[in-house]
Structure formats: structure tokens, C-alpha cells
Amino acid sequence: QVQLVQSGAEVKKPGASVKVSCKTSGYTFTSYGITWVRQAPGQGLEWMGWITAYNGNTNYAQKLQGRVTMTTDTSTNTAYMELRSLRSDDTAVYYCARGGEKSGSYFDYWGQGTLVTVSS
Amino acid sequence: EIVLTQSPDFQSVTPKEKVTITCRASQSIGSSLHWYQQKPDQSPKLLIKYASQSFSGVPSRFSGSGSGTDFTLTINSLEAEDAATYYCHQSSSLPRTFGQGTKVEIK
């Protein structure tokens with residue numbers, strides 16, 4: 001069965017960086033993209049961007065350009081999202097989800113989420 | 001950016017009642033509209049893809065309709081386990097966007 005398993009919770013200070021991993025299994029990793037979505041406490045879902053697993057092409061939300069980098073490791077079927085220069089409003093649960101990189105496509109399987117807390 | 005506006009924001013419903021949630025897009029998105037269910041402290045789950053196609057394993061009481069700018073998620077005969085927040089999402093253009101969510105509470 002398709003599974004996306006994310007790394008554990010993180011606590012970071014303002015200005016630091018965080019790297020969240022998303023290890024996948026149960027499907028051919030390079031056949032799908034990985035999308036990252038975040039959810040601030042008590043808020044809705046915010047699309048962060050995607051990466052195409054087979055060639056590493058990325059597309060990021062404009063508000064995160066310059067601070068976010070998404071990568072994949074096809075040898076371990078794992079996707080990564082790094083966010084730099086963290087601010088308090090980056091405190092959120094970060095989700096990876098399969099799909100979304102093609103026009104019209106949806107997110108059919110999601111990771112369990114990783115809470116990132118930014119606090120001094 | 002395409003803005004998705006859901007209504008209502010909140011709905012309190014008795015079991016077995018019918019629930020209707022609407023999602024309006026700020027411009028036409030064809031059928032590139034998908035619905036997700038998120039229960040407290042859980043990840044979102046895909047319910048409906050391409051406006052009206054049920055995702056595998058989703059109970060038949062969930063259905064979707066619409067195209068262009070106006071879409072509807074219907075839950076027939078609400079069950080207690082359906083208490084959740086429901087989000088629409090468009091994948092017609094960049095950036096991908098979500099509706100603000102509709103919280104469904106069981107009376």
C-alpha cells in the first residue's frame with residue numbers, strides 16, 4: 001500500500017533552517033510528484049510547491065521563493081523540504097502529499113504531518 | 001491567483017441529515033476541483049477528484065458535482081464519523097489553492 005512517512009517534530013529558533021523528510025513506499029517513486037502543504041495552528045491548508053520526482057523539476061509558491069528548497073533522493077524514495085530563515089509565522093504542520101505536479105492533478109496520499117515550531 | 005470561496009464556514013448537523021457544501025472559484029477551472037476531508041489531528045484525505053469522481057474506498061454517501069466556477073460536495077445521510085473540516089482545492093492553474101474550509105459538526 002502507498003505510504004508517506006514524515007520525519008519527527010522540530011523546534012527551531014527564528015532565523016534557523018529546518019529540513020523535513022518524506023519517505024515513500026508502495027509505488028514507483030519516479031512516476032509521481034510530491035507536493036508540500038502546510039497548515040498553521042487553527043488555520044487552513046496552504047500550498048507550498050511541488051517537485052517532480054523523476055527529474056527534480058520544482059515549482060514553489062511565490063511567497064516562499066528564495067527560502068524553500070524541495071529535493072528528492074531516488075535511491076531511497078524520499079522527498080525533502082528545506083525552509084530557511086524561519087520566522088514565527090512559519091510555525092505549522094507540514095505535509096507531503098503524492099501528486100499535484102501535473103495540471104489538473106490531485107493529492108491522493110498524504111504523510112502524517114510534521115510539526116515545526118519556530119520560537120525563541 | 002484563483003480564489004476558492006466555500007460556504008458555509010460552519011455547519012451543525014444532526015445525524016442522517018443531508019449536508020451540502022459549495023465551493024466557488026474566482027474564474028473557470030473546468031473540472032480541476034478536488035475535495036478533501038480533514039478530521040481533528042489527522043492529515044487531509046482525498047474524497048472526490050475532478051469534481052465528481054469518488055476516490056477509492058470513499059463511502060457512497062459522499063458525492064460531488066459542478067464545473068466551471070461552481071461546485072458542490074454533498075454528504076447524504078450524515079454519520080457521526082463525518083465530523084470534520086472539508087476543503088476544496090483547484091489544480092487548474094498556479095499557484096494551487098484551497099478553499100478556506102467548512103467545518104461540519106454533529107449535533
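In what follows, chains carry the letters A, B, and so on, assigned in the order in which the sequence lines appear, proteins first and then strands, with residues in each chain numbered from 1. All values derive from a computational prediction rather than experimental measurement.
Your options are Gln90(B), Lys49(B), Gln42(B), and the one with the most heavy-atom pairs under 4.5 Å with chain A is Lys49(B). Heavy-atom pairs under 4.5 Å with chain A were tallied for Gly101(B), Pro44(B), Ser92(B); the largest tally goes to Pro44(B). Contact count versus chain A (heavy atoms, under 4.5 Å) is highest, among Gln100(B), Lys45(B), Gln38(B), for Gln38(B).
Proximity to chain B (any heavy atom under 4.5 Å) is shown, for Val93(A), by neither the backbone nor the side chain. For chain B, no part of Tyr60(A) is nearby; none of its heavy atoms comes within less than 4.5 Å. Heavy atoms closer than 4.5 Å to chain A are found nowhere in Ile29(B), neither backbone nor side chain. Interface residue Gln39(A): only side-chain heavy atoms are found under 4.5 Å from chain B. Residue contact with chain B, scored on non-hydrogen atoms closer than 4.5 Å, involves the side chain of Tyr95(A) exclusively.
The distance between the ring centers of Trp110(A) and Tyr36(B) falls below 6.0 angstrom.
Not counting sequence neighbours, Phe62(B) has no partner by the ring pair (Phe, Tyr, Trp, His ring centres under 6.0 Å) test.
Between Glu82(A) and Lys12(A) no salt bridge is recorded (no basic side-chain N to carboxylate O distance below 4.0 Å). A salt bridge is defined here as a Lys NZ or Arg NE, NH1 or NH2 lying under 4.0 Å from an Asp or Glu carboxylate O, and Arg67(A) with Asp90(A) meets this definition. Under a 4.0 Å N-O distance rule, the pair Glu105(B)/Lys103(B) does not qualify as a salt bridge.
Ile34(A) contributes atom CD1, which lies 10.5 Å from atom CZ of Phe107(A) (distance to the nearest 0.5 angstrom).
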